[in-house]
Amino acid sequence: MTDPKDTINIENVVASTGIGQELDLQSVAMDLEGADYDPEQFPGLVYRTQNPKSAALIFRSGKIVCTGAKSTDDVHESLRIVFDKLRELQIQVNEDPEIVVQNIVTSADLGRNLNLNAIAIGLGLENIEYEPEQFPGLVYRLDEPEVVALLFGSGKLVITGGKKPEDAEHAVDKIVSRLEDLGLLE
Amino acid sequence: RLRKWQERIRTKDAGERNLQFALSETDRMASSLAIPRSVREVACVMYRRALDEDLIRGRSIEGVATSTLYAACRMEGIPRSLEEVAAVSRVERKEIGRTYRYVAQELGLEMEPVNPKKYVPRFCSELELSEEVQAKANEIIDTTTEKGLLSGKSPTGYAAAAIYAASLLCNEKKTQREVSDVAQVTEVTIRNRYQEQIEAMGIH
DNA sequence: ATTTTACTTTTTAAAGC
DNA sequence: GCTTTAAAAAGTAAAAT
C-alpha cells in the first residue's frame, strides 16, 4: 500500500517580497524584455521567468508577488532572477529581501475511488460543500492545519491554503484517518 | 450609536420594501418554471429568513430570490437545475450558484446533493416517455450509482444519459439532441455518461 | 462524432477602483 | 467586490476538426 503521503506533490507556491524601493513601472516595462504592463487592467507588471518557471507581479511600491513555482527553493531562485534583472536596469534592490511564502498548493492521491455522497454525509453536511452541479470536487475545510482540501471521486485531492509543506502532510493524515474512521476508505 | 441605529432601521425598512419586489420576482420565476405554489411558499419563507439574518447585504435581491427558489425546489424534491432557473432570472448562473452556496451555508440548510432520479419524471414527461422508460432509467441510475459512477457528476447529465439509455432499451428511442434539449446539457455529456453507464450495466 | 480549448472550484499576496 | 498570476483536481461546455 502506497502511503498517500508519498504521493504528495507541490504544484504551486505563492510568495511575496519587496525590493524596498519605489518603481516607475512604465520605464521598467520599456526596458524589461517580456514584461507585460497594462495599468488600466491591473496595477502590477507581469514578468515571467523560464527556469524555474514562474510569474512575478511587480508593483509600483516595489512589492513583488511570485507565483507558479514548484517549490520554495524555486521561489527563491525565481526571485533572485527578478532581483538581478531589476539591478541590470540600475534599480537599487535590497541585499536579501525577506521572502514570505503565502500559499502552497499540493496534490495527492488516496489510491482508491471515493463515494463523495457518503463522505459528504459522513463528514457532516455542515462541514463540507459538495455541489457536483457546479464543481466535481468536495470542499473540506480543516481547522488544524488551516487548509482547504478538494476531494475527488478518483481519490485524488488538492490541498491549498497552507504556508509550509508540512501542512499538506498533516492535512492528508487527518483526512485519511477521518475517512478510515468513517469506514469510507475501502 | 444613534446614527448606527437609524441606519439599521433604514436598511431594515429598505429590506422590507424590497421584500415585496423579491416575492413578486419569485412568483414570476416560479410561474414560468411551473413550480407549485407550496414550493414558492418555502422559497419566500427562506428569503425572509435570509433578510432577517442580513444575508442580502452586498448581494442583489434578484440573486437571492433566485437562489432561494432554487434551494426550495431541491428541498421539496422537485429540483430545477441552475441552467433552468438562470433562464428565467436576470442574474447569471454563476452568481446564482455562489449565492445559493452562501445562503445554504449561512442558513444551515444542510442540503444533500440532488439525486438524479428526481429529474426523471419531469424530463420523461416532457419527452413523452412511458412509465416503463422511467422505471428503466431509475434502475440504471440506482445500479450505476451503487457501482460508484455518480461521484462528482452533474445530476442533470447523469439523469439525461440514463433516460437516453432507457429510451433505447425500451424501444422508445429519443435522440441525444432531444434529451439534451430538455435536460439542458450537451450531447457530449450525454454520450460520455451513457458510455460509462452502459458499460457498468453490462449492456452491449 | 471526437478533439481542443476554456471555464467551473480553492488558495494567496500585491494596488486601485 | 473586482481586476491579474499560477497550479492541481475532474466535469462540463463551446468550438473546431
Side-chain angles (χ1 to χ4, degrees), chain A residues 7-18 22-23 25 36-49 52-71 74-75 78 99-110 113-114 116 129-142 146-163 167-168, chain B residues 57-60 81-83 93-95 97-98 101 150-158 160 176-177 180 183-193 195-196:
Chain A
T7 69
I8 292 178
N9 190 31
I10 294 178
E11 306 289 354
N12 182 24
V13 178
V14 181
S16 60
T17 186
E22 289 236 342
L23 291 168
L25 295 183
D36 286 337
Y37 182 48
D38 183 1
E40 305 282 331
Q41 191 174 70
F42 187 68
L45 178 155
V46 181
Y47 180 72
R48 293 178 169 80
T49 62
K53 192 178 154 196
S54 76
L57 304 178
I58 305 172
F59 297 87
R60 177 195 50 73
S61 64
K63 290 188 175 179
I64 300 173
V65 170
C66 178
T67 182
K70 293 283 185 190
S71 69
D74 282 357
V75 166
S78 291
I99 296 173
V100 181
V101 172
Q102 303 286 356
N103 180 30
I104 296 180
V105 183
T106 297
S107 66
D109 192 350
L110 298 181
N113 291 336
L114 302 176
L116 297 182
E129 197 170 273
Y130 177 48
E131 289 293 333
E133 188 182 346
Q134 300 186 55
F135 185 68
L138 182 153
V139 183
Y140 184 37
R141 287 162 205 283
L142 309 203
E146 197 177 321
V147 300
V148 174
L150 305 179
L151 306 178
F152 296 87
S154 64
K156 291 189 176 172
L157 63 150
V158 170
I159 306 284
T160 186
K163 298 211 183 292
D167 288 342
Chain B
R57 201 178 286 179
R59 260 159 275 268
S60 71
S81 68
L82 286 172
E83 305 286 343
R93 197 203 112 119
K94 184 176 167 183
E95 179 63 19
R98 62 170 56 169
R101 281 181 283 151
L150 183 57
S151 281
K153 269 84 164 200
S154 157
T156 32
Y158 208 87
Q176 295 180 352
R177 183 62 197 278
S180 75
Q184 295 268 274
V185 298
T186 64
E187 294 163 86
V188 178
T189 294
I190 291 182
R191 222 171 284 140
N192 291 336
R193 295 304 130 249
Q195 289 297 344
E196 312 182 320

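The shown structure was predicted, so the numbers you read here are calculated from the model rather than taken from an experiment. Throughout, protein chains are lettered first and strands after them, A, B, ... in sequence-line order, and every chain is numbered starting at 1.
- Nearest to the side-chain atoms of A:Q102 among the listed nucleotides C:dA1, C:dT2, C:dT12 stands C:dT12.
- Counting only heavy atoms from C-beta on, A:T160 has its side chain closest to C:dT10 among C:dT10, C:dT12, D:dT12.
- Ion pairing between a basic and an acidic side chain is recognised when a charged N comes within 4.0 Å of a carboxylate O; A:E129 and B:R101 show such pairing.
- Backbone-only engagement by A:R60 is indicated by non-hydrogen atom pairs under 4.0 Å involving sugar-phosphate atoms exclusively.
- Within 4.0 Å (heavy atoms only), B:G152 reaches sugar-phosphate atoms of the nucleic acid but no base atom.
- When distances run from any side-chain atom of A:F135 to the nucleotides D:dA9, D:dT3, D:dT5, the shortest one goes to D:dA9.
- For the residue pair A:E11/A:S107, the side-chain donor-acceptor check at 3.5 Å is satisfied.
- Checking D:dA9, C:dT11, C:dG16 against every side-chain atom of A:P43, the shortest atom distance belongs to C:dG16.
- With distances taken from any side-chain atom of B:R193 to the nucleotides D:dG11, D:dA10, C:dT2, the minimum falls on D:dG11.
- Out of C:dT10, C:dA1, D:dG11, the shortest distance to the side chain of B:R101 is found at C:dT10.
- Of the candidate nucleotides D:dA10, C:dA13, C:dT11, C:dA13 has the atom nearest to the side chain of A:S16.
- Here D:dT5 is the nucleotide among D:dT5, C:dT11, D:dA8 with the atom lying nearest to any side-chain atom of A:A55.
- To the nearest angstrom, P of C:dC17 lies 14 Å from CG of A:D38.
- Taking only side-chain atoms of A:K63, from C-beta outward, the nucleotide of C:dT2, C:dA14, C:dG16 with the closest atom is C:dA14.
- With hydrogens and angles left out, the side chain of A:T67 and the base of D:dA6 share a donor-acceptor pair within 3.5 Å.
- Judged by distance alone, with hydrogens and angles left aside, the side-chain atoms of A:T49 form a donor-acceptor pair with the main-chain N or O of A:S54 at under 3.5 Å.
- At a threshold of 4.0 angstrom between heavy atoms, the contacts of B:E95 with the nucleic acid are absent.
- In terms of position along DNA chain C, the nucleotide closest to A:V14 lies nearer the 5' end than the nucleotide closest to the other residue of the pair A:G62 and A:V14.
- Looking at heavy-atom distances under 4.0 Å, A:E133 makes no contact with the nucleic acid at all.
- Contact check, A:R141 against C:dT11: a side-chain N or O comes under 4.0 Å of OP1 or OP2.
- The backbone N or O of A:D109 lies less than 3.5 Å from a partner atom in the side chain of A:T7, making a donor-acceptor pair.
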